[in-house]
Asker: 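I have a structure I would like to understand better, so I am pasting it below and will then ask my questions one at a time.
In this chain, numbering begins with 1 at the start of the sequence shown. In this text, all values refer to a predicted model and were calculated from it rather than measured experimentally.
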Amino acid sequence: MSDGGATRERPTSVLVVEDDALQRRVLCKRLAASGVATVLEAEHGIEALAVLAAHPDVEVVVSDLAMPEMDGLDLLCAMATLPSKASFVPHSAMDRQLLACMELMAKERGMSFLGILEKPATVDDIQRVVRRPEPKERPSRETLVFSHDELKEGLALGQFVPYFQPKVSMKDGAIRGAEALARWVHPRYGVLPPGVFIDTMEQTGLIGSLTQIILEKSIRAARTWNDLGRSMSVSVNLSFSFLSTPGVADSITRLTRGSGLAPERLILEITENVAMADAGICLENIARLKVRGYRLSIDDFGVGYSSLQQLLRIPFDEIKIDRSFVSGVKALSRSATMLEATLGMAQCLDMVSVAEGIETREEWDFLASIGTALAQGYFVSRPISGDDLEAGLRAGTAWVPPR
């Protein structure tokens with residue numbers, strides 16, 4: 001499910017760790033050109049630790065990996081033990097798979113890892129990667145905790161609605177559909193993302209009620225889009241607990257028939273974990289929905305352990321490539337090879353390919369060049385309200401990437 005993409009702000013203090021004097025000087029100048037107020041320097045890891053001790057306000061450390069005295073990997077491990085909360089950004093020409101491994105290692109140690117700068121980093125690269133998340137609103141949405149009764153009341157009052165993130169054709173930029181993403185329009189805190197309430201709803205048994213509401217409103221919205229002359233689908237994510245409920249297929253059928261929406265205009269997104277389940281009722285509901293003409297999408301493809309097995313078990317119509325493969329992808333990289341292989345498989349299986357999480361023009365251009373069918377992500381559009389999407393469609397809007 002593509003529902004992320006952090007807004008970032010420019011850091012005020014960055015430490016550059018690089019043993020090559022010329023490369024260090026060039027990188028420092030480019031950081032300054034990107035608007036960083038204070039740029040500090042270190043020749044290797046040991047010197048970097050001394051700088052961090054003297055300047056605890058450093059926000060980001062941009063470091064080479066292969067250095068004398070103490071290399072970038074040792075520096076990363078040492079930083080994890082410090083009170084400093086500086087984020088880490090590797091600046092290296094090494095294999096991207098190794099850099100991705102470093103990212104996992106950093107996150108396992110609770111460190112902030114903003115991204116990867118491949119040598120030589122341009123000002124545009126720096127502006128894209130070397131930015132810290134903007135300060136959270138107060139109160140922080142991540143710290144909000146709601147009780148079962150509060151969530152139940154919100155459901156009863158109709159405060160939960162779908163926002164829609166458009167999916168567009170990579171050939172002509174036309175909007176082909178949209179994914180429904182649950183939002184809570186809270187009377188005090190404003191529009192809240194699913195991370196605030198989904199886990200509690202799963203734990204307290206309210207997820208079925210939420211899914212039913214999102215389905216109903218999304219189906220009505222899709223009927224409106226098609227009444228406007230748009231051949232558009234709507235995608236709704238279904239959880240394991242929802243699909244394991246007897247009669248779900250019949251309930252969804254009644255909703256679409258009541259609205260007049262053609263079954264093929266509703267895409268039901270199923271994660272790999274759901275597809276792997278052996279629960280009879282879950283698989284029965286999936287099979288009934290497929291027989292009745294609804295389209296099935298395997299969501300977050302590539303992040304599970306048995307992706308290919310699921311393509312044999314369930315007749316999916318669409319494959320959504322997880323954004324972890326899309327982010328920062330470049331030609332000839334391992335991610336690029338895996339993407340091309342996935343697209344080739346999707347074409348052979350007559351499945352529509354969707355790349356989610358596209359955030360940059362470079363990602364768009366590469367994915368378009370290898371034949372990806374549909375695109376979704378912040379480069380296309382953030383999730384927007386149903387009213388805003390409808391207004392855009394009535395105005396004849398067709399999204400086209402900027403030249």
Side-chain angles (χ1 to χ4, degrees), residues 6-136 327-328 330 333-335 359-360 362:
T7 301
R8 297 181 182 275
E9 64 174 6
R10 183 184 300 114
T12 59
S13 180
V14 174
L15 169 61
V16 174
V17 190
E18 168 65 66
D19 62 306
D20 185 287
L22 177 59
Q23 292 189 44
R24 186 170 67 248
R25 185 162 57 251
V26 170
L27 184 55
C28 287
K29 287 183 177 180
R30 289 177 179 173
L31 280 162
S34 71
V36 177
T38 303
V39 181
L40 304 172
E41 302 179 36
E43 189 173 345
H44 47 68
I46 294 177
E47 187 177 339
L49 293 176
V51 173
L52 288 173
H55 301 272
D57 57 339
V58 169
E59 298 172 76
V60 178
V61 174
V62 179
S63 178
D64 189 15
L65 296 186
M67 298 180 293
E69 302 295 335
M70 177 188 282
D71 62 26
L73 187 61
D74 287 336
L75 173 60
L76 175 62
C77 294
M79 284 178 58
T81 67
L82 299 178
S84 169
K85 299 302 179 183
S87 300
F88 191 86
V89 174
H91 180 232
S92 176
M94 288 188 175
D95 182 77
R96 191 174 181 87
Q97 196 70 15
L98 171 61
L99 300 178
C101 182
M102 283 190 65
E103 179 176 4
L104 292 175
M105 187 182 75
K107 290 179 177 178
E108 284 293 324
R109 286 166 167 75
M111 294 185 63
S112 172
F113 193 101
L114 297 185
I116 297 167
L117 280 177
E118 295 187 14
K119 288 186 175 181
T122 65
V123 172
D124 286 343
D125 292 334
I126 291 168
Q127 291 178 337
R128 175 176 56 85
V129 175
V130 188
R131 289 173 178 258
R132 293 173 61 84
E134 288 186 349
K136 301 292 188 300
S327 178
K330 293 185 178 181
S333 65
R334 289 196 179 190
S335 292
E359 296 190 356
T360 68
E362 291 73 23

Asker: If every non-hydrogen atom of P90 is compared with every non-hydrogen atom of L65, which pair is closest and at what distance?
Answerer: CB-CD2, 4.2 Å

Asker: Do E47 and M67 have side-chain heavy atoms sitting under 4.5 Å apart?
Answerer: no

Asker: To the nearest 0.5 Å, how far apart are OG in S34 and CD1 in I126?
Answerer: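 The CD1 atom of I126 is 5.5 Å from OG of S34, to the nearest 0.5 Å.
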
Asker: Testing the 3.5 Å rule here: is there a donor-acceptor pair between the side chains of S327 and E359?
Answerer: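 Result is no, nothing qualifies.
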
Asker: If you compare all heavy atoms of V39 against all heavy atoms of A32, which two are closest, and at what distance to 0.1 Å?
Answerer: CG2-N, 4.2 Å

Asker: Distance from D71 atom CG to L76 atom CG, nearest 0.5 Å?
Answerer: 10.0 Å

Asker: In Å and rounded to the nearest 0.5 Å, what is the CG to NZ distance from D64 to K119?
Answerer: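 Reported to 0.5 Å precision, the distance equals 3.5 Å.
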
Asker: Check A33 against V123 and note the closest heavy-atom contact, atom names and distance.
Answerer: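 Looking at all heavy atoms of both residues, the closest pair is CB-CG2, 4.3 Å.
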
Asker: Quick one: closest heavy-atom pair of V36 and T12, and the distance?
Answerer: CG1-O, 3.9 Å

Asker: State, to 0.1 Å, how close L52 and M79 come at their nearest heavy-atom pair, and which atoms those are.
Answerer: CD1-CG, 4.0 Å

Asker: Looking at CG of L117 and OG of S63, how far apart are the two atoms once the value is rounded to the nearest 0.5 Å?
Answerer: 11.5 Å

Asker: Between NE2 of H91 and CD of E18, what distance do you get to the nearest 0.5 Å?
Answerer: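 These two atoms lie 7.0 Å from each other.
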
Asker: Listing request: all salt bridge (Lys or Arg N to Asp or Glu O under 4.0 Å) pairs with a residue in residues 20-34, at least two apart in sequence or in separate chains.
Answerer: R24-E41

Asker: Please name the pair of heavy atoms, one in D19 and one in P68, separated by the smallest distance, quoted to 0.1 Å.
Answerer: CB-CD, 3.7 Å

Asker: Side chains of H55 and T38: closer than 4.5 Å at any heavy-atom pair?
Answerer: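 Sidechains of T38 and H55: no contact.
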
Asker: Among L40, V61, V17, find the residue that satisfies the side-chain contact (heavy atoms from CB on, under 4.5 Å) test when tested with V51.
Answerer: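 Between V51 and the candidates, side-chain contact (heavy atoms from CB on, under 4.5 Å) is satisfied uniquely by L40.
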
Asker: For side chain to side chain contact (heavy atoms under 4.5 Å, CB included), just list the numbers for L49 and M70, CA-CA rounded to whole Å, side-chain angles, deciding distance to a tenth of an Å, and then say yes or no.
Answerer: CA-CA 10 Å; L49 293 176; M70 177 188 282; 3.8 Å; yes

Asker: May I ask you to test the V89-S87 pair for a side-chain heavy-atom distance under 4.5 Å?
Answerer: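 No, every pair of side-chain atoms sits at 4.5 Å or beyond.
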
